[in-house]
Amino acid sequence: MPSDLSDAFRAHPVYLHHQHTDFNSLQELPESYTWKQQDHEQYPSSKDSFSLQETVPVIDLMDPNAPKLVGHACKTWGVFQVINHGIPTSLLHEIEWAGKTLFSLPPQQKHRAARSPDGVSGYGVARISSFFPKLMWSEGFTVVGSPLDHFRKLWPQDYSEYCDIVVEYEKEMKMLAGRLLWLMLDALGISKDDIKWAGPKGDFKGATAPLQMNSYPICPDPDRAMGLAAHTDSTLLTILYQNSISGLQVHREGKGWLTVPPVQGGFVINVGDLLHILSNGLYPTVLHRVITNRTKPRFSVAYLYGPPSNVTISPLSKLEYMDQ
Ligand SMILES: O=C(O)CCC(=O)C(=O)O
Ligand SMILES: [Fe+2]
């Protein structure tokens with residue numbers, strides 16, 4: 001059995017099928033990117049008025065009620081958006097600028113920093129690609145720890161400016177992730193004593209947290225393409241920054257796919273599979289996907305927050321007999 005993420009990736013290599021796909025040069029959707037209608041309808045969207053009224057909760061973290069609202073959103077949705085989170089807007093603009101600059105490099109240049117088939121970091125297709133018969137209309141870049149080695153290959157002269165932005169973003173995300181995780185755990189009555197791997201100060205020091213940048217170029221045939229196929233994140237929680245272009249959808253039991261409208265300066269917070277397990281199923285993990293559009297490129301950054309790699313996650317004993 002794989003013992004950590006790298007072992008798991010070695011066991012499921014992902015090859016860059018489309019060695020030098022230049023999305024922007026394609027006028028028609030190639031067959032390899034054409035998904036069947038039933039792939040889109042695998043979890044059908046209902047056409048009733050419920051789905052129009054329902055929307056993912058937006059929580060103001062400065063609101064004194066925020067802890068209660070976070071707990072409620074985790075239990076009933078497994079996803080919510082946060083505003084007033086304390087991350088400077090300028091940093092969001094900078095990470096977006098760095099990411100967009102990266103993805104707009106010529107294909108050959110991006111491939112200098114290609115992720116190896118069994119690797120974790122670098123440029124490549126979505127890691128979940130190997131589970132699907134068709135390709136997704138997106139490209140990704142994963143950073144684990146320092147981006148230095150990869151960024152040197154992309155920008156031999158001026159890598160340091162890009163590195164500084166990513167390192168600063170990771171630092172801010174780490175603090176926000178710890179704060180959010182405690183809000184989520186507090187709402188279940190879980191304290192620092194219950195989670196040994198949180199460390200004596202509860203600062204989750206050894207947490208693993210790859211940063212996943214995603215680019216969804218404009219698409220000639222969005223109805224038949226898939227930006228990112230339906231999946232749940234194998235994290236404790238994910239902090240997602242999406243630019244102003246919508247495309248992210250979450251699946252709501254009995255209601256179908258709901259778009260998560262971009263909120264200026266906000267983050268989308270997902271409950272991941274590991275928090276679902278840790279909470280003994282009290283918090284559902286959220287199924288989500290990304291659809292493409294014909295006119296505006298979309299960009300997102302996911303901070304995939306998980307426990308230290310040597311920790312085994314199982315339901316917290318305090319929650320074992322909780323009535324669900
Ligand atoms: O681009 C998005 O909005 C979602 C990205 C995502 O789900 C992921 O990177 O796991
Ligand atoms: Fe995801």
Side-chain angles (χ1 to χ4, degrees), residues 5 8-9 12 14 23 42-43 55-56 58 74 77-82 92 95-96 98-100 102-103 115 120-132 135-144 147 166 169-170 173 177 180 208-219 222 225-252 257-276 283-293 296-306:
L5 202 57
F9 286 178
H12 296 277
V14 174
F23 288 100
Q42 195 183 2
Y43 307 93
T55 173
V56 171
V58 178
C74 287
W77 280 84
V79 60
F80 54 97
Q81 304 210 56
V82 291
L92 302 181
I95 194 80
E96 188 173 336
K100 281 184 172 166
L102 189 160
F103 289 115
R115 191 199 297 130
V120 186
S121 61
Y123 172 75
V125 297
R127 276 288 336 177
I128 54 171
S129 295
S130 55
F131 300 104
F132 297 93
L135 294 171
M136 297 174 207
W137 194 260
S138 59
E139 16 174 18
F141 195 97
T142 318
V143 176
V144 181
V166 168
Y169 192 80
E170 287 180 317
M173 285 296 110
L180 286 168
T208 51
L211 194 69
Q212 175 66 34
M213 297 200 252
N214 302 301
S215 162
Y216 306 89
I218 54 169
C219 179
M226 186 72 83
L228 196 56
H231 68 283
T232 57
D233 293 345
S234 345
T235 56
L236 285 165
L237 63 91
T238 302
I239 305 179
L240 182 93
Y241 169 68
Q242 55 172 341
N243 70 353
S244 58
I245 311 303
S246 62
L248 174 65
Q249 297 186 322
V250 294
H251 190 260
R252 190 92 169 120
W257 289 107
L258 302 182
T259 295
V260 185
V263 168
Q264 211 187 2
F267 291 113
V268 181
I269 313 299
N270 289 348
V271 169
D273 300 340
L274 297 179
L275 186 53
H276 175 66
Y283 288 170
T285 181
V286 68
L287 187 67
H288 55 286
R289 70 176 186 183
V290 178
I291 55 167
T292 59
N293 77 79
K296 297 204 170 108
R298 180 168 182 275
F299 173 78
S300 73
V301 194
Y303 184 74
L304 304 162
Y305 192 64

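Read the numbers this way: they start at 1 and go in the same order the structure lists the ligands and their atoms.
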Inset, instruction - Considering the heavy atoms of His288, write down every atom of ligand 1 situated less than 4.0 Å from one of them. - result: 7 (O)
Inset, instruction - Indicate, as side chain, backbone, both or neither, the part of Val268 found under 4.0 angstrom from ligand 1 when only non-hydrogen atoms are considered. - result: neither
Legend entry - Nearest-contact summary for atom 9 (O) of ligand 1 - protein heavy atom, Å: Asn214 ND2, 3.1 Å
Inset, instruction - Specify side chain, backbone, both or neither for Asp233, according to which of its non-hydrogen atoms lie closer than 4.0 Å to ligand 1. - result: side chain
Legend entry - Any Arg289 heavy atom less than 4.0 Å to ligand 1: no
Inset, instruction - Would you tell me whether Thr142 and Gln212 have side-chain atoms, one donor and one acceptor, within less than 3.5 Å of each other? - result: yes
Inset, instruction - For Leu304 and Thr238, run side chain to side chain contact (heavy atoms under 4.5 Å, CB included): C-alpha distance rounded to whole Å, both residues' side-chain angles, the deciding distance at 0.1 Å, then the answer. - result: CA-CA 5 Å; Leu304 304 162; Thr238 302; 3.7 Å; yes
Inset, instruction - Anything protein N/O/S under 2.8 Å from the Fe ion (ligand 2)? Just list residue and atom, please. - result: His231 NE2, Asp233 OD1, His288 NE2
Legend entry - N/O separation below 3.5 Å, Gln242 to ligand 1: no
Legend entry - Check: Asp273/Thr232 side-chain N/O donor and acceptor closer than 3.5 Å: yes
Inset, instruction - Could you check His288 against His251 for ring pair (Phe, Tyr, Trp, His ring centres under 6.0 Å), going step by step and ending with a plain yes or no? - result: CA-CA 6 Å; His288 55 286; His251 190 260; over 10 Å; no
Inset, instruction - State the atoms of ligand 1, each with its element, that fall below the 4.0 Å cut-off from a heavy-atom position in Val290. - result: 1 (O), 2 (C), 3 (O), 4 (C)
Inset, instruction - Taking all non-hydrogen atoms of both residues into account, name the closest pair between Leu287 and Trp257 and its distance. - result: O-CZ3, 3.8 Å
Inset, instruction - Among all protein heavy atoms, pick the one closest to atom 6 (C) of ligand 1 and tell me residue, atom and distance. - result: Leu228 CD2, 3.5 Å
Inset, instruction - Would you mind telling me which of Val58, Val286, Thr55, Leu248 makes a side-chain contact (heavy atoms from CB on, under 4.5 Å) with Val260? - result: Leu248
Legend entry - Subset of ligand 1 atoms that lie under 4.0 Å from at least one heavy atom of Gln212: 9 (O)
Inset, instruction - Say whether, by atom type as modelled, one donor and one acceptor occur between the side chain of Trp137 and the main chain of Pro217 under 3.5 angstrom. - result: yes
Legend entry - Residue pair Phe103 / Asn214: nearest heavy atoms and the distance that separates them: CE1-C, 4.1 Å
Legend entry - Distance from atom 3 (O) of ligand 1 to nearest protein heavy atom, with residue and atom: Arg298 NH2, 2.8 Å
Legend entry - Side-chain heavy atoms of Met136 within contact of Ile128, under 4.5 Å: yes
Inset, instruction - Could you tell me whether the side chain of Arg252 and the main chain of Val56 form a donor-acceptor pair under 3.5 Å? - result: no
Legend entry - Proximal ligand 1 atoms for Ala302, defined as those under 4.0 Å from one of its heavy atoms: 9 (O)
Legend entry - Check: Ile245 main-chain N/O paired with Arg298 side-chain donor or acceptor under 3.5 Å: yes
